[in-house]
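The next block holds one structure in the form of structure tokens; read it before the comments.
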4 protein chains.
Amino acid sequence: MTIDLDMTSSIPIYLQIKNHIVISIGKGELKAGEYLPAVRQLACDNGVNMMTVSKAYSVLRSEGYIEIDRRHGAKISGTKLKNEEFKVRLSCELLLLIASSKANGLDKNAFIQMCENIFSTMNPQKVQGIV
Amino acid sequence: MTIDLDMTSSIPIYLQIKNHIVISIGKGELKAGEYLPAVRQLACDNGVNMMTVSKAYSVLRSEGYIEIDRRHGAKISGTKLKNEEFKVRLSCELLLLIASSKANGLDKNAFIQMCENIFSTMNPQKVQGIV
Amino acid sequence: MTIDLDMTSSIPIYLQIKNHIVISIGKGELKAGEYLPAVRQLACDNGVNMMTVSKAYSVLRSEGYIEIDRRHGAKISGTKLKNEEFKVRLSCELLLLIASSKANGLDKNAFIQMCENIFSTMNPQKVQGIV
Amino acid sequence: MTIDLDMTSSIPIYLQIKNHIVISIGKGELKAGEYLPAVRQLACDNGVNMMTVSKAYSVLRSEGYIEIDRRHGAKISGTKLKNEEFKVRLSCELLLLIASSKANGLDKNAFIQMCENIFSTMNPQKVQGIV
DNA sequence: GTGGTCTAGACCACG
DNA sequence: GTGGTCTAGACCACC
């Protein structure tokens with residue numbers, strides 16, 4: 001797996017890696033039960049330090065996206081529902097985005113439309129049973 | 001103006017200040033032409049250093065939210081349109097939020113509903129006689 | 001005389017005033033021997049403090065553009081030649097502009113062309129005898 | 001890298017540092033991809049505070065002259081074209097310089113000649129084998 | 001190792 | 001009164 005990393009971005013590399021994986025999960029490119037590449041492998045493929053990848057994986061685990069299986073490595077978790085904490089964080093971040101959109105002259109319709117567009121770009125693979 | 005700052009957050013204080021002001025603008029609590037508190041004042045009110053507030057104001061200015069009037073301090077800019085750069089950044093951040101929502105079992109309807117709720121909390125209060 | 005002042009610019013107002021007058025002199029709109037408006041007048045016309053105008057005039061005088069005549073106010077000086085100090089300052093500022101042009105991918109021809117264009121926009125009223 | 005700083009100048013130190021680096025880039029002494037000294041290093045070499053250097057680097061980055069690579073520090077950007085905003089600023093500053101030149105009795109030929117001289121002092125030294 | 005952030009207090013330029 | 005700059009030294013995040 002190679003990731004399009006921007007070494008000069010203000011976003012830390014480990015977060016770019018984490019974000020890339022979260023997006024892949026959201027798009028359905030990575031499915032529950034599938035394994036991520038080994039830390040060493042991913043680090044090598046992308047020319048970054050192993051510790052950087054390791055940190056990305058540990059954040060992914062702490063947020064419940066993956067589970068670490070000592071024998072086989074990191075595995076995508078099944079979709080979880082009860083995640084109340086996630087909703088709180090999400091609504092905080094949405095509040096900021098929505099407020100800045102309004103301050104930049106983007107109205108509700110334009111914002112919702114943008115969301116719809118992004119949803120439609122995400123592979124509409126059927127979520128497996130849940131939802 | 002007192003701001004609810006979290007000194008232990010990983011989000012730098014100057015960004016918390018900036019975000020708070022952007023949200024206030026988005027909500028319509030701060031209107032174009034209105035003046036922000038003086039740097040010293042805001043710093044004092046919130047027990048932070050002047051330079052921290054100064055940095056927040058600098059970022060706000062560089063992103064076009066405020067203008068510095070040498071005579072009276074920092075003033076909310078009129079809404080600017082055409083901000084293409086803003087839309088690009090917005091769609092990147094939305095992509096991440098939407099993907100993580102899907103990965104957390106939140107479907108499109110739930111996400112849009114959450115956006116609608118947030119929009120409804122920031123109904124533009126009627127301007128009270130003034131202006 | 002009304003001047004197009006930007007109160008939110010990072011350039012101090014007194015310098016905007018000074019620059020405006022220097023440019024008028026350069027264009028030939030203000031000629032040697034002509035009088036500037038009174039400080040009070042100019043301040044009033046432009047809605048700024050008298051001290052601000054006064055400072056602009058005093059910088060203009062210290063750089064030799066005008067002479068202060070107690071009886072009739074500020075008068076444009078005759079063109080002076082020997083100004084070696086001016087050339088030094090000019091070449092410093094040109095060095096910076098030229099270097100930043102090159103760093104921004106603007107080559108010598110483009111730069112010179114830009115200068116020529118600016119010269120041609122300046123009213124080609126005959127310089128009076130000198131030159 | 002030691003820079004000839006004038007602590008008594010009205011030009012802020014961070015701008016003097018920024019200008020020095022821009023000039024070095026323009027002269028070709030600093031080439032795209034090359035790394036600037038670390039913030040601490042440059043601060044130490046020149047007896048100024050780290051934050052002063054940090055601010056200089058921030059401005060350089062925001063104007064596109066350098067990029068911050070989290071792994072190795074600040075790096076000269078590749079020349080970018082299309083910079084329309086830069087041209088606008090440049091022409092404003094040139095207008096002022098040209099007008100003041102005329103007001104000081106320097107005619108077009110003398111001005112252009114001065115530009116030519118400055119260009120010739122920054123002949124792009126041949127890249128020495130490396131690249 | 002790198003840059004980013006923050007403090008407490010100072011001085012200056014501007015209006 | 002306003003914001004802008006600078007210092008000296010500290011702590012943190014990232015790699």
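Proteins get letters first, then strands, A, B, ... in listed order; numbering begins at 1 in each.
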What is the distance, rounded to the nearest whole Å, between atom [atom1] of [X] and atom [atom2] of [N]?
| X | N | atom1 | atom2 | answer |
| --- | --- | --- | --- | --- |
| Asn49(D) | dT7(F) | CG | C1' | 5 Å |
| Gln16(C) | dA13(E) | CD | C1' | 15 Å |
| Leu42(A) | dC15(F) | CG | C1' | 15 Å |
| Met50(D) | dG4(E) | CE | P | 9 Å |
| Met51(C) | dG1(F) | CE | P | 15 Å |

>> With a 6.0 Å cut-off (strictly less than), is the heavy-atom count around CG of Asp6(D), excluding the residue itself, greater than 12?
In response: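 Enclosed.
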
>> Both Tyr14(D) and Leu15(A) contact DNA chain F. Taking the nearest nucleotide for each, which residue is further toward the 5' end?
In response: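 Looking at DNA chain F, the more 5' nearest nucleotide goes with Tyr14(D).
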
>> Using heavy-atom distances to pick each residue's nearest nucleotide on DNA chain F, tell me which of Met7(D) and Arg70(B) is more 5'.
In response: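 Looking at DNA chain F, the more 5' nearest nucleotide goes with Arg70(B).
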
> Side chain of Asn46(A), backbone of Thr2(A): donor and acceptor closer than 3.5 Å?
Replying inline: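 Side chain of Asn46(A) to backbone of Thr2(A), a donor-acceptor pair under 3.5 Å: no, none is there.
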
>> Checking the side chain of Ser54(B) only, and the main-chain atoms of Met51(B) only, is there a donor and an acceptor separated by less than 3.5 Å?
In response: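 No: the side chain of Ser54(B) does not pair with the backbone of Met51(B).
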
>> Applying the Watson-Crick and G-U wobble criteria at under 3.5 Å, what pairs with dA8(F)? Answer none if nothing qualifies.
In response: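 dT7(E) is the nucleotide pairing with dA8(F).
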
>> Looking at dT2(E), which nucleotide sits across from it as a Watson-Crick or G-U wobble partner, both distances under 3.5 angstrom, or is there none?
In response: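 Pair assignment: dT2(E) / dA13(F).
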
Ignoring backbone atoms, establish whether [X] has a side-chain N or O less than 4.0 Å from OP1 or OP2 of [N].
| X | N | value |
| --- | --- | --- |
| Lys55(C) | dC14(E) | yes |
| Thr52(B) | dT7(E) | yes |
| Arg40(B) | dG9(E) | no |

> If each of His72(D) and Ile11(B) is mapped to the nucleotide of DNA chain E with the nearest heavy atom, which maps nearer the 5' terminus, i.e. the 5' end?
Replying inline: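 Here His72(D) is the residue nearer the 5' end.
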
> Is Arg71(B) close to Met7(C) at the side-chain level, that is, under 4.5 Å between some pair of heavy atoms?
Replying inline: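 Side chain of Met7(C) against side chain of Arg71(B), heavy atoms only: contact under 4.5 Å found.
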
> Can you find a donor-acceptor pair, distance only, under 3.5 Å between Arg71(D) side chain and dG1(E) base?
Replying inline: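 Looking at the base of dG1(E), it does not pair with any donor or acceptor on the side chain of Arg71(D) (distance under 3.5 Å).
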
> Say you draw a straight line from OH of Tyr14(A) to CG of Asn49(A); how long is it, rounded to the nearest 0.5 Å?
Replying inline: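 Nearest 0.5 Å value for the OH-CG distance: 14.5 Å.
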
